[in-house]
Amino acid sequence: VGATELLNLLGDVKARVQDKLGIVDFPMPQFILIGKQSVGKSRLIEALAGETFNFISGTLGSRRPTVLEFRNMSSEKSSRWFVRNRTTNQWGEHKVQEVMKLVGDAHEELGENVSDEPLYVRLESPHCVDMQITDLPGFRDFAVDASRQDLSNKITDLVTKFMQDSRNVMLCVEQAGDAATMSTLARARKLDPDFTRTVLIRNKLDKYYVDLTPENVNQWVDGFGDLPTNLIKFSLTLPWWQEDSRPSKSFLELRDYFDNKDLQTVSSIGLDPKKMQTIGYKNFAAFMEVKVEQMFAAAIDPVLESLRKLQKSTTDEQTMLNTEYTDTDPQRVVTTTRDCGVSFASALQFVMEGQITVSTGQMDLETELKEFHEYHARVGSNTFTLLPSEDFFKLSDYIDYLKNEANIVGADIPLSGGAQWLRLLQEVEIFLRFSEIAVETKKRDVIQARGVSMTSLTWRDVVVKLLSNEAHLPLQRRVRYVGERVTWFFARQKEVILDYMVSLEHDMRASHSALLWRHGKLIRQNEMMKHLVFETYDEVCTRQLSSFLELFENMLTSTFSNPWVFLKGATSGTSDGELPDVPPDGRMLECIPMEIQSRSGIESTLSRWLSDIPTEAHQIDEAVDKVQMLILKTYSFIRSQVCDQVELFAESFFKLPMLRRLNEDMGTIELSTTHKEKYERRRSRLQESLEKAKGSLTEIDWCVKRMADFKLKTEAKKSISSAAR
């Protein structure tokens with residue numbers, strides 16, 4: 001299979017996929033021509049083309065890449081030039097003078113700027129080398145003013161960007177002088193230190209004929225040790241003639257003349273025959289033809305593999321667009337949105353069970369608390385306290401306590417979902433345990449609670465009244481903190497749920513419905529649907545917070561209205577009210593009978609405490625002390641009971657109702673007129689995307705078929721050739 005056919009095929013694939021479809025990251029190799037201005041880059045291109053031409057680019061020189069596709073057409077009698085239209089991507093044939101004008105105008109339109117958008121020029125000729133080469137603007141050594149220096153810097157950045165691409169083979173053109181001063185080669189060395197994709201072309205060899213002797217010619221070719229031995233390098237003289245004069249021979253004759261002169265000169269002074277292959281234009285051209293065929297032949301499999309991956313991804317995209325287009329039909333859009341919302345609600349159950357395969361939303365405890373505080377600082381929340389006690393001056397003090405003293409499990413581990421929920425429950429329980437009665441009970445408070453007469457109310461009633469007035473509010477504000485923390489947690493799970501749903505596309509576990517990932521992708525790519533689902537989710541969170549606070553408040557009101565009933569379930573402890581020590585695990589069963597007896601004796605303990613409070617007027621000071629002691633002990637019992645059961649309350653009053661009712665709310669999503677209008681606009685955009693995807697798939701299918709057919713043809717010829725041998 002000829003190089004021309006291979007180059008034509010890969011050129012067409014590149015035009016259709018990399019350029020027409022805008023896919024930049026494609027495994028297509030190319031040669032890039034780099035060097036300073038006036039080192040002979042343009043003349044090298046003319047030599048490869050087999051004819052002279054001059055792309056007019058004004059006084060500022062070239063400012064964008066020019067991709068030159070040379071096709072050797074031995075059957076042609078004369079050259080044919082083509083330029084690809086930058087708008088339509090269609091090739092148009094032009095006379096060479098028109099080509100030069102089109103290329104020059106494309107450079108001039110940039111002014112003192114550069115562009116990485118290339119021009120495409122194609123030459124079909126019996127005298128050119130089969131290859132594709134990208135001519136880049138030349139590096140500038142000097143600038144006459146600041147604006148020219150700025151242009152020089154932009155050109156350097158542009159060329160460096162191409163040099164950094166590992167798929168590009170750099171043809172580095174330098175004058176055949178001192179190898180140690182080759183600045184462009186030094187740039188290439190920085191990006192390709194092993195010179196695996198660098199070819200050095202040392203131009204204007206004839207200027208150094210007089211310096212070459214039998215003693216130094218071999219060392220000169222090797223750069224006197226300044227050029228690495230593994231660097232592929234050529235020394236040659238390109239056609240030239242005196243300025244303001246006509247050449248004495250045709251360009252092709254001059255090309256052959258200087259090639260022969262280079263070979264004869266170095267051969268006559270004793271250059272090693274092995275190094276003769278690095279001298280002259282024809283040796284360079286022969287190397288390029290072989291290198292081109294090797295590079296592009298090696299690219300067939302990677303290109304075909306990339307095309308098939310692109311084919312699959314485009315087919316999948318088209319399928320998803322078709323699905324969304326069908327599901328956003330005005331007659332089905334409400335049902336589709338509800339179905340996606342119900343799947344979203346179902347996925348929350350899996351997330352809370354810890355079945356998470358994504359890292360979205362994961363955070364350690366410190367980050368979680370900081371973001372929670374920042375959020376409530378922004379919204380100006382003042383209905384609860386953000387720190388559990390005045391002992392903590394700032395959030396960092398509280399975080400240090402949680403990590404180093406409370407030893408919360410997983411505090412430093414980024415978590416989300418169910419694991420984050422369990423860690424949150426530990427934190428809010430600790431927060432609640434810092435609740436305390438803010439003020440000390442005074443004599444006046446006791447007298448006012450007792451009434452005008454010392455016998456108006458019992459001490460039992462006084463304690464209840466004082467507890468309701470002084471202890472209810474501190475605990476209530478901390479309960480509000482618990483509710484806000486839980487609500488904020490659930491609100492942060494939205495993106496976690498969505499990413500989890502999408503991640504199930506390649507998860508074959510039978511416990512998951514295929515609808516989860518399908519609906520997840522539909523929600524992700526449809527902003528309107530995502531907005532509706534997220535909005536409904538947030539509304540459920542807000543409603544559940546109100547319900548949670550209401551239920552908790554009812555429980556606290558009931559508790560403080562008759563704490564004695566509540567305390568009957570508590571352990572009475574010692575006669576001084578202290579709780580007993582927790583026994584070792586092995587003796588836990590032995591304590592159960594004692595625990596039952598202890599709880600049944602709480603009523604008698606309370607009665608004893610109340611009877612110890614004096615009722616005489618002159619003993620009011622002692623009564624105040626004992627009442628305060630009883631209030632603190634009672635509040636301590638209540639606080640411990642609430643903290644011990646905060647996990648139960650959070651699960652029962654928030655999480656379980658949230659999981660149960662979210663499905664119901666998602667199933668009743670309604671669309672407003674505004675939403676319906678937005679869906680219509682979305683549907684119109686989907687139609688455009690579908691047409692684009694269909695067009696892309698047509699192009700890709702063509703490329704895959706052509707590449708696959710070419711590969712089969714190549715392998716068949718190899719098999720026939722092998723059989724013949």
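For the single chain, residues carry numbers from 1 onward in sequence order. Because the structure is predicted, anything quoted here is derived from the model rather than measured.
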Scan side-chain atoms only and decide if [X] and [Y] contain a donor-acceptor pair under the 3.5 Å cut-off.
X      : Y      : result
Thr367 : Asp364 : yes
Glu651 : Trp421 : yes
Glu427 : Tyr398 : yes

- prompt: Does NZ in Lys154 sit with more than 12 non-hydrogen atoms of other residues, nucleotides or ligands closer than 6.0 Å?
  reply: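 It does: Lys154 NZ has more than 12 such atoms within range.
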field: Phe434-Tyr401 aromatic ring centre distance below 6.0 Å
entry: yes
Side-chain heavy atoms of [X] within contact of [Y], under 4.5 Å:
X      : Y      : value
Glu484 : Tyr481 : no
Leu504 : Tyr500 : yes
Phe710 : Arg706 : no
Leu387 : His373 : yes
Leu395 : Lys370 : yes
Met528 : Arg681 : no
Val333 : Leu671 : yes
Leu191 : Thr160 : yes

Between the side chain of [X] and the main-chain N/O of [Y], is any donor-acceptor distance below 3.5 Å?
X      : Y      : value
Thr668 : Asp665 : yes
Arg122 : Gly92  : no
Gln493 : Gly417 : yes

Nearest heavy-atom neighbours spanning [X] and [Y]:
X      : Y      : answer
Ser547 : Arg661 : OG-NH1, 4.4 Å
Ala411 : Arg423 : O-NH1, 3.9 Å
Leu516 : Met501 : O-CE, 3.2 Å
Leu498 : Gly520 : CD1-O, 3.4 Å
Val67  : Pro118 : CG2-CB, 3.8 Å
Ser381 : His376 : OG-ND1, 2.6 Å

Rounded to the nearest 0.5 Å, what separation is found between the [atom1] atom of [X] and the [atom2] atom of [Y]?
X      : Y      : atom1 : atom2 : value
Ser689 : Glu317 : OG    : CD    : 7.5 Å
Asn526 : Thr337 : CG    : OG1   : 7.0 Å
Leu321 : Glu688 : CG    : CD    : 12.0 Å
Met555 : Glu553 : CE    : CD    : 9.5 Å
Thr487 : Leu549 : OG1   : CG    : 7.5 Å
Phe344 : Leu532 : CZ    : CG    : 12.5 Å

Is [X] salt-bridged to [Y], cutoff N-O under 4.0 Å?
X      : Y      : answer
Glu670 : Arg338 : yes
Arg492 : Glu371 : yes
Glu109 : Arg64  : yes
Lys705 : Asp701 : no
Glu647 : Lys655 : no
Lys161 : Asp116 : yes
Glu305 : Lys309 : yes

- prompt: Do Met363 and Ser416 pass the side chain to side chain contact (heavy atoms under 4.5 Å, CB included) test, and can you show the C-alpha distance, the side-chain angles, and the key distance before you say yes or no?
  reply: CA-CA 7 Å; Met363 60 182 75; Ser416 63; over 6 Å; no
message: Using the salt bridge (Lys or Arg N to Asp or Glu O under 4.0 Å) criterion, which residues pair with Glu495? Sequence neighbours excluded.
response: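 Scan of Glu495 (salt bridge (Lys or Arg N to Asp or Glu O under 4.0 Å), adjacent residues dropped) gives Lys530.
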task: Assess whether side chain to side chain contact (heavy atoms under 4.5 Å, CB included) is satisfied between Arg518 and Thr323, documenting all intermediate values.
output: CA-CA 9 Å; Arg518 294 183 188 278; Thr323 301; 6.0 Å; no
task: Please step through side chain to side chain contact (heavy atoms under 4.5 Å, CB included) for the pair Val409 and Gln426, ending with a clear verdict.
output: CA-CA 8 Å; Val409 178; Gln426 295 180 65; 3.9 Å; yes
Test side chain to side chain contact (heavy atoms under 4.5 Å, CB included) applied to Asp165 - qualifying residues, sequence neighbours left out: Arg167, Asn168
query: Going by the angle between their ring planes, with limits at 30° and 60°, are Phe649 and Phe653 parallel, tilted or perpendicular?
result: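 The rings of Phe649 and Phe653 lie parallel, inter-plane angle below 30°.
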query: Hey, what's the ring geometry for Trp488 with Phe372, parallel, tilted or perpendicular (30° and 60° as the breaks)?
result: perpendicular
Does [X] qualify as a cation-pi partner of [Y], given the criterion of NZ or CZ under 6.0 Å from the six-membered ring centre and within 45 degrees of its axis?
X      : Y      : value
Lys494 : Tyr537 : no
Arg683 : Tyr325 : yes
Arg84  : Tyr120 : yes

query: Passes salt bridge (Lys or Arg N to Asp or Glu O under 4.0 Å), Glu539 versus Arg543? Steps please.
result: CA-CA 6 Å; Glu539 288 173 357; Arg543 186 188 64 204; over 6 Å; no
- request: Please assess Asp339 against Thr335 for the test side-chain hydrogen bond (donor to acceptor under 3.5 Å, both in side chains), listing each intermediate value before the final yes or no.
  value: CA-CA 6 Å; Asp339 289 344; Thr335 302; over 6 Å; no
statement: Contacts satisfying salt bridge (charged side-chain N to carboxylate O under 4.0 Å, His left out) that involve residues 380-404 (not counting sequence neighbours) are Glu366-Lys403, Lys403-Asp412
field: Criterion side chain to side chain contact (heavy atoms under 4.5 Å, CB included) on Leu365 and Leu402, from CA distance to verdict
entry: CA-CA 9 Å; Leu365 182 60; Leu402 293 173; 4.0 Å; yes
